[in-house]
Amino acid sequence: MIELNATFFAQILNFLILVAILRAVAYKPVVRMLKEREDKIAESIQKADADAAAAEATLNEYKNQLKDAHAKAQEIVDKAEKRAREEHEASIQATKQEIEQMRKAAQEEIQRDRERAVEQLKDEFGALAMAAAGKIIAKNMDAKENEAIIGEFIDQLDSKKIGDLSC
Amino acid sequence: MSEGIIHRGFTQVGGFTFNAETLTMTWLAMAIVILIGFLATRNLKLVPSGWQNVVEMIVTWLHGQIDAMMGKRGRMLAPLIVTLFMFLLVSNLLGLIPTLASPTNDLNTTLGLALMIVVMVHVLGLYFKGGHYIAHFFQPFAPFVIINAIEEIAKPITLAFRLFGNILAGEILIIVLLKLMPVWMPIPSVVWLMFSIFISCVHAVIFTMLSMAYLANALKEEEE
C-alpha cells in the first residue's frame with residue numbers, strides 16, 4: 001500500500017495538466033468577466049456623476065431663467081398698475097373739471113335768470129306803478145314827467161328793497 | 001504489502017510500474033473537475049445569476065485570501081490553488097461511491113502533490129527573494145539550520161500522509177463495515193459515510209490552506 005513507483009510522477013504531471021486546462025477553461029473567463037464588470041461599473045459610476053453634474057447645471061440655468069422671467073413679469077405688472085393709477089387720476093381730474101364747469105355754467109345761468117327776472121320785475125313794477133299813479137292822480141300829467149318821477153321812485157326802490165331780494 | 005483490502009492493479013509500461021486504478025480514478029476526477037469548471041463558467045454574463053454567483057463568490061473569496069496571505073504576487077497562483085482544492089474535493093468524495101476509489105488513497109498522489117507544492121515554495125522563494133531566502137534558514141543563528149531543515153522536510157511528509165491516511169482509512173472502514181455488519185443493519189455504514197463526506201471536505205480544505213500558507217512564506221514581501 002505504501003509503495004512509491006512511477007505513478008508518483010504521473011500524478012504530478014496529471015495535476016499540472018489539470019491546472020493548465022482548468023485555468024484556460026474556467027479561471028480565465030471568470031477573471032476576465034470580473035474585470036469587465038469592474039470596468040463597466042467604474043464607467044457607469046463615472047457616467048452617472050457626469051450626468052448628475054449636467055443635470056445640476058441645467059437645473060441652475062432653468063432656475064435663473066425662471067427668476068428672470070419672474071422679475072420681468074413683476075416689472076410689467078408694476079408698469080401696468082402705474083399706468084392704470086395715472087389714468088384713474090386723470091379721469092378723476094377730468095370729471096372734477098367737468099363738474100366745476102357745469103357748476104360755473106349753472107351759476108352763470110342762475111345769475112342771468114335772476115338779472116332777467118329783476119329786469120322783468122322792474123318793468124312790470126314800473127307799469128304797475130304807472131297805472132296806479134295814473135289811476136290815483138287821474139289827471140293829465142305830462143307823460144314824460146311822470147316817467148321821470150316813476151323812474152326815480154323805482155331806482156330808490158331798487159336799491160332799498162328789491163336789491164336785497166334773494167332770487 | 002501491495003494486495004490487501006485495496007486492489008490497485010499494477011501495470012508495467014516501458015519498465016515503469018503504474019497503479020492502474022489510481023491513474024484511472026485520477027483521470028475520472030480530472031474529467032469531473034473540468035466538467036464542473038466548464039459548466040460553471042460556460043455562460044458568463046455581466047449581470048450574474050444562478051451558478052455564476054457561486055463561482056464568482058469562490059473566485060473573489062480566493063483572491064481576497066491570496067491578497068491577504070501572499071500579497072499581489074500570489075494572484076498568479078490562484079488557478080493552481082483553486083484547481084488543487086477542486087481536484088482534492090472531487091478525489092476525496094470519489095472514493096465514497098461504491099466500486100470507485102479515491103486517487104488520494106494512494107501515497108503516490110498525495111506525496112506527489114505535496115512535494116510539488118514544497119518544491120514550488122523553494123523555487124519561488126529563491127526566485128523572488130534570492131540570497132535572502134537562503135539566509136532566513138540560518139536565523140536567528142547558524143545552528144538553527146538543522147531545525148529549519150527538519151521542518152522543511154516534515155512539511156511535504158505531513159501534508160502527504162495526513163491526506164493519504166485519512167482518505168485510505170475512510171475507504172477501508174467503509175469496506176470493512178459493509179463486510180462486518182449484516183445486511184439489515186446499515187446504520188454504522190451510513191453514519192461512517194456521512195463522517196467520511198465531512199472528512200473529505202475538511203481535508204481538501206486543510207491541504208489547500210496549508211499549501212497556501214507555505215506558498216505565502218515564499219511570496220510575501222518582507223516587512224522592512
Is it true that atom [atom1] of [X] has more than 12 heavy atoms of other residues, nucleotides or ligands lying nearer than 6.0 Å?
X: Gln107(A); atom1: CD; result: yes
X: Met76(B); atom1: CE; result: yes
X: Gln46(A); atom1: CD; result: no
X: Phe38(B); atom1: CZ; result: no
X: Met120(B); atom1: CE; result: yes
X: Gln65(A); atom1: CD; result: yes

message = Quick check on Ile41(A) against chain B: is it the side chain, the backbone, both or neither that has a heavy atom closer than 4.5 Å?
response =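 It is neither, since no heavy atom gets under 4.5 Å.
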query = Of the backbone (N, CA, C, O) and the side chain (C-beta and beyond), which part of Phe8(A) lies under 4.5 Å from a heavy atom of chain B, both, or neither?
reply =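 Contact with chain B: backbone and side chain both.
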message = With a 4.5 angstrom heavy-atom cut-off, is it the side chain or the backbone of Val59(B) that approaches chain A, or both, or neither?
response =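 For Val59(B), side-chain heavy atoms alone lie under 4.5 Å from chain A.
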key: Part of Leu84(B) within contact of chain A (heavy atom distance under 4.5 Å)   = both
ask   = For chain A, which of Met116(B), Glu56(B), Met86(B) has the most heavy-atom pairs under 4.5 Å?
value =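 Option with the top pair count is Glu56(B).
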Exercise: identify the closest heavy-atom pair between Ala26(A) and Gly37(B) = CB-O, 3.6 Å
key: Residue from Leu77(B), Leu80(B), Ile81(B) passing side-chain contact (heavy atoms from CB on, under 4.5 Å) with Val19(A)   = Leu80(B)
key: Nearest-0.5 Å distance, NE2 of residue His63(B) to CG of residue Leu34(A)   = 7.5 Å
ask   = Could you give the distance from CG (Leu113(B)) to CG (Leu16(A)), rounded to the nearest 0.5 Å?
value =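 If I round to the nearest 0.5 Å, the distance is 9.0 Å.
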ask   = Under the side-chain contact (heavy atoms from CB on, under 4.5 Å) criterion, do Phe15(A) and Thr26(B) qualify, and how do the steps go?
value = CA-CA 9 Å; Phe15(A) 180 73; Thr26(B) 305; over 6 Å; no
key: Whether Thr7(A) side chain and Asn19(B) backbone form a donor-acceptor pair below 3.5 Å   = yes
request  = Output yes when a side-chain donor or acceptor of Asn14(A) lies under 3.5 Å from a complementary backbone atom of Trp27(B), and no otherwise.
outcome  = no
inquiry  = I need the residue from Val25(A), Leu18(A), Ile21(A), Ile12(A) with the largest number of non-hydrogen atom pairs under 4.5 Å to chain B.
reply    = Leu18(A)
ask   = Who wins among Arg32(A), Arg23(A), Lys28(A) for the most heavy-atom pairs under 4.5 Å with chain B?
value = Arg23(A)
task = Establish, from distance only, whether the side-chain atoms of Gln11(A) and Thr22(B) form a donor-acceptor pair under 3.5 Å.
result =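 The answer is no; no qualifying pair exists.
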